[in-house]
Amino acid sequence: DQLTFTSGEAHVDWYDSSDFGKRGCCKTCHSHMFFKVKGSHLISVAPGIFDNFEGLETLGHIYRHSLLDVCHKLDEHPDIDEAFYAKKEV
């Protein structure tokens with residue numbers, strides 16, 4: 001749907017992290033909080049930024065293929081990588 005800041009937007013710093021995306025990080029601790037696909041409305045949000053997780057749904061794991069083998073067996077959600085973003089109509 002749509003990402004709306006209710007507070008704290010001034011504490012987020014955005015930078016280009018790849019040819020197709022940019023990251024939003026905390027200006028104080030540098031934690032990665034967001035990933036935005038350039039030229040689209042698609043944005044990934046780190047669930048740890050919320051006080052309440054109700055209503056959140058996991059759609060997939062970002063770049064799980066580059067993690068340790070044990071991470072590939074966590075659940076049935078798909079991997080989200082360049083190929084995923086390339087085929088999405090967003």
Side-chain angles (χ1 to χ4, degrees):
D1 294 322
Q2 182 175 323
L3 176 68
T4 302
F5 285 89
T6 57
S7 66
E9 187 172 5
H11 300 283
V12 178
D13 191 24
W14 292 91
Y15 73 93
D16 291 335
S17 61
S18 68
D19 290 340
F20 65 92
K22 61 184 186 174
R23 292 191 183 275
C25 300
C26 172
K27 288 183 179 180
T28 303
C29 71
H30 308 290
S31 294
H32 292 166
M33 300 184 296
F34 309 104
F35 179 79
K36 178 157 182 17
V37 176
K38 295 177 185 176
S40 81
H41 68 276
L42 185 63
I43 188 167
S44 298
V45 180
I49 68 171
F50 296 107
D51 293 329
N52 182 347
F53 297 117
E54 282 185 44
L56 293 181
E57 179 183 350
T58 301
L59 299 178
H61 299 285
I62 299 173
Y63 294 99
R64 180 171 50 180
H65 68 277
S66 65
L67 300 176
L68 298 173
D69 287 341
V70 69
C71 296
H72 296 272
K73 301 171 186 163
L74 293 176
D75 58 37
E76 74 285 352
H77 293 100
D79 289 340
I80 297 175
D81 55 16
E82 292 98 335
F84 173 88
Y85 290 123
K87 68 182 175 185
K88 288 296 254 188
E89 291 187 17
V90 292

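Numbering starts at 1 and runs along the sequence shown.
Across all their heavy atoms, K27 and D13 have their closest contact at CG-CB, 3.6 Å. Across H32 and C25, no two heavy atoms sit closer than the pair CD2-SG, 3.0 Å.
To the nearest 0.5 angstrom, R23 atom CZ is 9.0 Å from S44 atom OG. Summarising the geometry, atom OG belonging to S7 is positioned 10.0 Å from atom CD belonging to E9; distances are rounded to the nearest 0.5 Å. Remark: I43 CD1 to K22 NZ distance equals 8.5 Å, nearest 0.5 Å. Separation of atoms NZ (K38) and OG (S17) is listed at 7.5 Å; rounding is to 0.5 Å.
Note on ring orientation: taking the six-membered ring where Trp is involved, the planes of F35 and F20 are perpendicular (angle over 60°, cut-offs 30° and 60°).
Around atom CG of D51, no more than 12 heavy atoms belonging to other residues, nucleotides or ligands sit under 6.0 Å away.
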